[in-house]
Amino acid sequence: MAKKQSELTNGMFSNNPIFVQALGMCPTLATTTSATNGLGMGMATLAVLIMSNIVISLIRKLVPSKIRIPVYIIIIAGFVTMIDLLMHGFLYDLWKTLGLFIPLIVVNCLILGRAEAYASQNSVFKSILDALGMGLGFAGGLILLGSVREILGAGTWFGLTLWGDAFNVFIMILPPGAFITLGLLAAMFNWMGISREEKKKKKAKAAKKAGETA
Amino acid sequence: MNVFLIFMSAILVNNFVLQRFLGICPFLGVSKKIDTAVGMSLAVIFVMVLASVITWLLNGLLVIMGLGFLKTIVFILVIASLVQFVEIFLKKVSPGLYEALGIFLPLITTNCAILGLALLNIQNNYGLLETIFNALGAGFGFGLALILFAGIREQMEFADIPKPFKGLAGTLITAGILSMAFVGFSGMIKL
């Protein structure tokens, strides 16, 4: 069971697609003008990722390795078209704001990357777990980025007014805000990683010293 | 609509990389040196114009057959095979150019700027001439952003950056500042 858990958490934290692997940067930067938009994009990507991972894992033994990439792309494009039409039908407002970036899920390197690196070599169940972990990690990153930008830029969170127009950094909702917020968040995670490593080193050193004196 | 306005707006006001966030992966990935940035830009301009024209023609066909909803699947296949075809063609006809563009060509398939441009042309109901100029503008805009950014990053190599900001974080913040400069162009051309 422990191993299954690690498959799930791998994508969420230690190999987070946005902050660690820097995959799928275009939708990450473009659709996070608000937390709601980030959530919508994250869920659409998660749905496509799970379905494509399932199908690719099912047919992994049938596809000749030479033409596997075009086959994967067609499968992914098929699911993206389905999501596109479904969102057009049921979530029209969100579909309109996300606009171009829904069909562009096809070229999100995260999805093709998971198909190639994981689903094409592992069982269906494991591939679903992997897709869930990676997809939730991606969606979580989008929601975090969208929240920071929406709170600072518009004074609202998921549409709820926090302080309204009283204190707004308007640039956060504009394109430069996306680059800068993501850069600062990445720096923060780097810093956390660095300080954790230094603590570990200090501990190891102390342990070594203790061992030597003993 | 004035094609010159479309061209200029695609370069400056709606810059594909810095304002529309299309093609961020190559923008961050191939911008370490100016030489490679120039190579990548040329390859992208070339494929953008070709892909735009072909997808525009194909879309006309799809609409006639009532299969407009299939355009995402058809376009991505067209772009993937087009890139492959351009690679083979250049290898035969102009080995020099092929050598220069070499590794960048296959990377272009997954560049969302190409598919994005093809879809934008359809969304905006552009005619063939407008499509070509929009593609040229998008390509030059991509090149401008990429080459400017490569110039900045070459200088950044020598800068003493705090440790957490090294790598992706510092690159993104620099891109943010460059993007801020391009915000200054917004409102200059209204389409």
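Quick note on labels: first sequence line is chain A, next is B, and so on, each numbered from 1. If you're wondering where the values come from, they're calculated on a predicted model, not measured in any experiment.
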Applying a strict 4.5 Å limit to non-hydrogen atoms, the region of Ile171(A) in contact with chain B is side chain
So, the part of Phe189(A) with a heavy atom under 4.5 Å from chain B: the answer is neither
*Side chain Trp56(B), main chain Ile132(B), donor-acceptor under 3.5 Å*: no
Margin query: Are more than 12 heavy atoms, taken from residues, nucleotides or ligands other than Phe85(B), located less than 6.0 Å from that residue's CZ atom?
Written below: no
- [ ] Establish, yes or no, whether a centroid distance under 6.0 Å links the rings of Phe133(B) and Phe4(B).
- [x] no
Cut-off 4.5 Å, heavy atoms of chain A, and the answer for Leu168(B) is side chain
- prompt: Going by heavy atoms in the side chains, are Leu120(B) and Arg20(B) under 4.5 Å from each other?
  reply: yes
Okay, Ile73(A) and chain B: the region with an atom under 4.5 Å from a heavy atom over there is side chain
Applying a strict 4.5 Å limit to non-hydrogen atoms, the region of Leu182(A) in contact with chain B is both
How are the rings of Phe7(B) and Phe140(B) set relative to one another: parallel (under 30°), tilted (30 to 60°) or perpendicular (over 60°)?
-> perpendicular
> Any idea how Phe179(A) and Phe21(B) line up, ring-wise: parallel (<30°), tilted (30 to 60°), or perpendicular (>60°)?
Replying inline: tilted
Within the distance-only criterion (no hydrogens, no angle test), does the side chain of Arg153(B) pair as donor or acceptor with the backbone N or O of Leu28(B) below 3.5 angstrom? yes
Okay, Lys71(B) and chain A: the region with an atom under 4.5 Å from a heavy atom over there is neither
Answer key: most heavy-atom pairs under 4.5 Å with chain A among Gly176(B), Ser81(B), Gly23(B) is Gly176(B)
If one checks every heavy atom of Ala175(B) against chain A at 4.5 Å, the contacting part turns out to be both
Okay, Ile76(B) and chain A: the region with an atom under 4.5 Å from a heavy atom over there is side chain
Greatest number of non-hydrogen atom pairs under 4.5 angstrom with chain B, of Pro27(A), Ala186(A), Pro175(A), falls to Pro175(A)
